[in-house]
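Before any comments, here is the structure.
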Amino acid sequence: MSFQKILVAIDESSLCPSVFSAALELAHSNKAALKLLHSIAPEIVSEPMPPVALDTSLNMGFVNNNYQTQQVLMDNQIEEAQSVLNRYSEEAARQGVLTTSAYEIGEAGHRLCDEAKDWGADLIVVGRRGRTGLTEALLGSVSNYVVHHAPCSVLVIQEVELEPPPPAVNDRSLGVINPPSI
């Protein structure tokens with residue numbers, strides 16, 4: 001199976017470097033183009049509401065301050081998205097892979113599937129944090145949505161949980177008491 005257009009879900013998680021590396025490796029081996037997509041959750045950044053006091057008892061200063069705060073938040077999220085995308089785009093360019101990038105405001109799963117369709121991607125590479133049960137039901141799963149709604153093949157990179165280091169051995173717990181050094 002050969003891929004020509006690979007869409008990559010980019011975020012700021014600890015899993016993202018693994019997702020990007022897998023996509024970059026596939027792009028190299030298939031001589032494919034990459035498109036990096038970062039989605040900004042609509043809950044985090046909403047369209048700022050213009051400062052209009054609908055209730056005359058509302059303080060216009062408060063309404064205006066809220067509008068400015070929303071605008072600053074949106075600007076910061078967009079700036080962070082562009083920074084992350086630029087970092088990964090530059091790495092792909094250094095390795096000779098044709099890459100474009102974009103950020104969009106919306107649910108990540110929906111945006112990935114829509115972009116895959118619009119761009120004509122034949123593969124989406126996405127990470128999976130391993131949420132299950134109630135956590136997945138409440139927070140959702142981008143990878144699950146993409147697997148079930150994508151118009152193309154999907155490669156899911158699973159986050160690997162490292163085993164915690166073994167507990168420190170306490171000599172007293174073994175019944176061995178070390179004499180103090182002199």
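- Side-chain contact annotation: Ser2 with Gln4, donor-acceptor N/O pair under 3.5 Å present.
- Comment: Arg111 engages Asp114 in a salt bridge, judged by a side-chain N to carboxylate O separation of less than 4.0 angstrom.
- In terms of heavy atoms, Thr99 sits closest to Ser89 at CG2-OG, 4.1 Å.
- With rounding to the nearest 0.5 angstrom, the CG atom of Leu36 is 11.5 Å from the CD atom of Glu91.
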Determine, stepwise, if the pair Leu112 / Leu7 fulfils side chain to side chain contact (heavy atoms under 4.5 Å, CB included).
-> CA-CA 8 Å; Leu112 284 163; Leu7 180 62; 4.1 Å; yes
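- Counting heavy atoms from C-beta on, the side chains of Leu24 and Leu26 never come closer than 4.5 Å.
- In this structure His110 satisfies the ring pair (Phe, Tyr, Trp, His ring centres under 6.0 Å) test together with Tyr145, sequence neighbours excluded.
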Are Ile40 and Glu104 close enough, and set up right, to give a side chain to side chain contact (heavy atoms under 4.5 Å, CB included), and what steps lead you there?
-> CA-CA 6 Å; Ile40 300 172; Glu104 295 190 20; over 6 Å; no
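- Distance check: Ile78 CD1 to Ile105 CD1 gives 5.0 Å after rounding to the nearest 0.5 Å.
- Taking a 6.0 Å sphere around CD of Glu80, one finds it holds more than 12 heavy atoms contributed by other residues, nucleotides or ligands.
- Between the His38 side chain and the Ala81 main chain, no donor and acceptor come within less than 3.5 Å of each other.
- In this structure, Ser39 and Gly106 approach most closely via the heavy-atom pair CB-O, 3.7 Å.
- For Lys5 (side chain) and Leu123 (main-chain N/O), no donor-acceptor pair under 3.5 Å exists by modelled atom type.
- With a 4.5 Å cut-off on side-chain heavy atoms, Phe3 and Cys152 do not count as touching.
- Listed by chain and number, the residues in a salt bridge (charged side-chain N to carboxylate O under 4.0 Å, His left out) with Asp11 are Arg129 (sequence neighbours excluded).
- Here the closest non-hydrogen pair linking Val146 and Cys113 is CA-SG, 3.9 Å.
- In this structure, the side chains of Tyr103 and Gln77 stay at 4.5 Å or more apart for every pair of heavy atoms.
- Note that OG of Ser143 and CD1 of Ile124 are 11.5 Å apart. Values are rounded to the nearest 0.5 Å.
- In this structure, CZ on Arg87 lies 10.0 Å from CZ on Phe20, to the nearest 0.5 angstrom.
- Using a 4.5 Å heavy-atom cutoff, the side chains of His28 and Val97 are in contact.
- At most 12 heavy atoms of other shown residues, nucleotides or ligands fall within 6.0 angstrom of atom CD in Glu79.
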Dump the intermediate steps for side chain to side chain contact (heavy atoms under 4.5 Å, CB included) on Val19 and Val8, then the final yes or no.
-> CA-CA 8 Å; Val19 170; Val8 188; 3.9 Å; yes
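- Rounded to the nearest 0.5 Å, atoms OG (Ser101) and CG (Asn86) are 6.0 Å apart.
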Decide side chain to side chain contact (heavy atoms under 4.5 Å, CB included) for Met1 and Ser153; before the verdict, give the C-alpha distance in whole Å, the side-chain angles of both, and the deciding distance to 0.1 Å.
-> CA-CA 10 Å; Met1 180 174 265; Ser153 296; 4.3 Å; yes
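- Contact detail for Val84 and Glu12: the closest heavy-atom pair is CG2-CG, 3.5 Å.
- With contacts defined as side-chain heavy-atom distances shorter than 4.5 Å, the pair Ile157/Arg128 does not qualify.
- No side-chain heavy atom of Ile10 sits under 4.5 Å from any side-chain heavy atom of Leu37.
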